[in-house]
Amino acid sequence: MYQFLFNITGNEIIAGLITACIPLVFILIFVLFAVWFERKVSAHMQDRLGPMRVGWHGVLQTVADFVKMLQKEDIIATEADRKLFSIAPVLVFAGSFAAYAAIPFSSKLLGSEVEVGIFYVIAISSLVVAGILMAGWSSNNKYSLLGAMRSAAQIVSYEIPTALVVLSMVMLTGTLSLDKMSQMQTAHFWDWNIFGGPTFGFAKFLLIPFMFVGFLIVYISTLAEVNRTPFDIPEAESELVAGYFTEYVGMKWAMFMLSEYANMFSVSAIITILFFGGYQSPVGYLGNTLGAPALIPFEQGIWFIAKGIFFVFVQMWLRWTLPRLRVDQLMTVCWKYLIPYAFINLIIIGIITLL
Amino acid sequence: MALKTETMVLNMGPQHPSTHGVLRLELELEGEVIVNVKPHIGYLHRCFEKHAEVMTYPQVIPYTDRMDYLASMSNNFGYVVAVEKLLGIQVPDRVQYIRVIMAELQRIASHLVALGTNGLDIGAFTPFLYLFRDREHILSLFEMTCGARLLYNYMWVGGLSHDIHPDFVRLTKEFVNYFRPTITELNNLLTFNKIFIERTANIGILPLDTAINFGATGPVLRGSGLAFDLRREDPYSIYDRFNFEIPTGKGLVGTIGDCWDRYYVRVLEMEQSLRIIEQAIDPIPEGDVQSAIPKRVKPPKGTVYSRTENPRGELGYFIISDGNVNPFRIKVRGPSFVNLELMGELCKGHLVADVIAILGSIDIVLGEVDR
């Protein structure tokens, strides 16, 4: 994408800026949609209607909320550390936004063709932890501090099982690049990594159960990384009021929400790329049938976003069904179950790949 | 050399999403572990007992509504039973039957809120709304009968404010049939949910002797394993005519007397209340519900203590009469107030997240704690 724009404009900065704006625009539109979607999903699960007033079935509700948020007074508590307090939401959002740089939306639309894509995503999303700690500390509020501490512990712990599963996928595919991973899982669903990858043979069938285990582990740990129920302990509204962003109002608060929803999609996107063929269509392309190859990247984009939104939907589904774990039980799940299983899975996949 | 450490004091409430009103808990924390809990009450104090001294006996009834606002019928019931005992009047059977049905419906409605908010505090949002949907049916029945949905002023000294609606019997039967399966739904959704059990089993264990020493009553006491229910121990009204069981905590998934037991006792009690309603709905005799209402409530000199089984435990009214039209003194023994004292005992050594699970399982209503 960057190369393409560079060829047109002939200017590095303009090309870079335009490339960066595409995910930003996507995030904003996605968040507008996702907040409405979450409210609708929860409402229908709970025998309610949800927002109905603004637009058709309340589709513009989030826009209205956003306008309200813009008008709010920007309150900073007198005892808060003003600088850190203002930087924290930006840093949190920057972390989740930066992860989008390496996510291929289709074969033509990706921010940066970094070879170490998945490594970069895992590394950059850790930046969020620093922002959360800053928010919790600078608010000078005990609830915020408790929430930030819990959150830091949780995100750092759950990165380990995620990284282990990602490692096993890297061993299987032999590449760190998210784009190459997507390309390898060609345009049929039986070539997806969850069904053992594109190579056909005995090893493919051996891999399938371990792929499912890997998928479950990574799905559970990403749920924890984006602070969704049953792991929404950092912001547990019935215990810690709102966790690390208790003291925030208006747009600063909106930045945290923006970051949360952006994260929800980015982890779903990573799962899609690792296991579910990335932007590849499960059934072949209309562009091929019609003889119009130019259509293919657009179709890929639609498939990618559809798959991502499906996993976002599952996250919402779980949120409105399950109660919340306690902070020590959360650590137990991670250290006593997920990490050992992820290790065993890693070793077995390694052996199968060697065969 | 060890570093000097201090405990942190965290104020939970009076504005906090899960202190069930305006309770303030002063938590002393060592990290996230509770060292001590001090409940501070009184934010909702409305001088009920002092007010009652300048009101006539029937005028006190609307005030009793406003104590335990989730179980107004039961509060009315307790008060009128006490005053009738003081007056020494007999109430017609029709009134008695209707009162029992209303009290049991109220018990179900109150338990639904208790169970729902207990789940809500633990993070399960959806069951809460399902239970509110079911509570709505009961509130409609009440609304149909007396026009009010929350504060009924329905039971009067010697009778009732309104007779039941002609459709009431049919709709109540429909409700009973509708509600039985939803208890199963609740059990599937929340009660036996693995995470819910993890959060509540073996948490806030209340040994039976502690429960008795603190004077705990209602589901809190029964959760610790003692089948003590005033409807059986000291039958008032016509409770001696019905068959029902008294569920107790069995330690099904943890230890006897933990949060889960207190929760599950409430679930089982709803089924027993349904049984009582089923037995009481058919034999309602014909008659006038206002025939025994005295023209002027002026009890003779004397005192009375009458206790009834509120959804939250023993609701006692101690009334001193000096032979006048207004009571000389009314003292209320509120179950929530007494049960709340257990907080300090139950929370020690648990985490912050457990405090709200324990508070939810005790099920307090601040309107009645502060009166």
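Within every chain, numbering begins at 1; the chains are lettered A, B, ... in the order of the sequence lines, protein sequences first and strands thereafter.
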Cation-pi check, B:Arg133 onto B:Tyr130 ring (under 6.0 Å, within 45° of axis):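 Pair B:Arg133/B:Tyr130 counts as cation-pi.
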Just so I understand: if I count every heavy-atom pair under 4.5 Å between each of B:Thr126, B:Asn11, B:Leu129 and chain A, which residue has the most?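 If we count pairs closer than 4.5 Å to chain A, B:Thr126 comes out on top.
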Please rank B:Leu29, B:Leu189, B:Asp354 by heavy-atom pairs under 4.5 Å with chain A and give me the top one.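 The candidate making the most pairs under 4.5 Å is B:Asp354.
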Polar side chain donor-acceptor pair, A:Glu159 to A:Ser126, under 3.5 angstrom: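 On atom types as modelled, these side chains qualify, holding a pair under 3.5 Å.
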A:Asn141 and A:Thr246 side chains, donor-acceptor separation under 3.5 Å: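 A:Asn141 and A:Thr246 do not have a side-chain donor-acceptor pair below 3.5 Å.
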Taking side chain as C-beta onward, heavy atoms only, is B:Lys38 less than 4.5 Å from B:Glu28?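 The answer is no, as the side chains (C-beta and beyond) never meet within the 4.5 Å cut-off.
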Contacting moiety of A:Gln329, where chain B heavy atoms sit under 4.5 Å: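 Just its side chain gets close to chain B.
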For B:Leu131, is it the side chain, the backbone, both, or neither that has a heavy atom closer than 4.5 Å to a heavy atom of chain A?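 The answer is neither part of B:Leu131.
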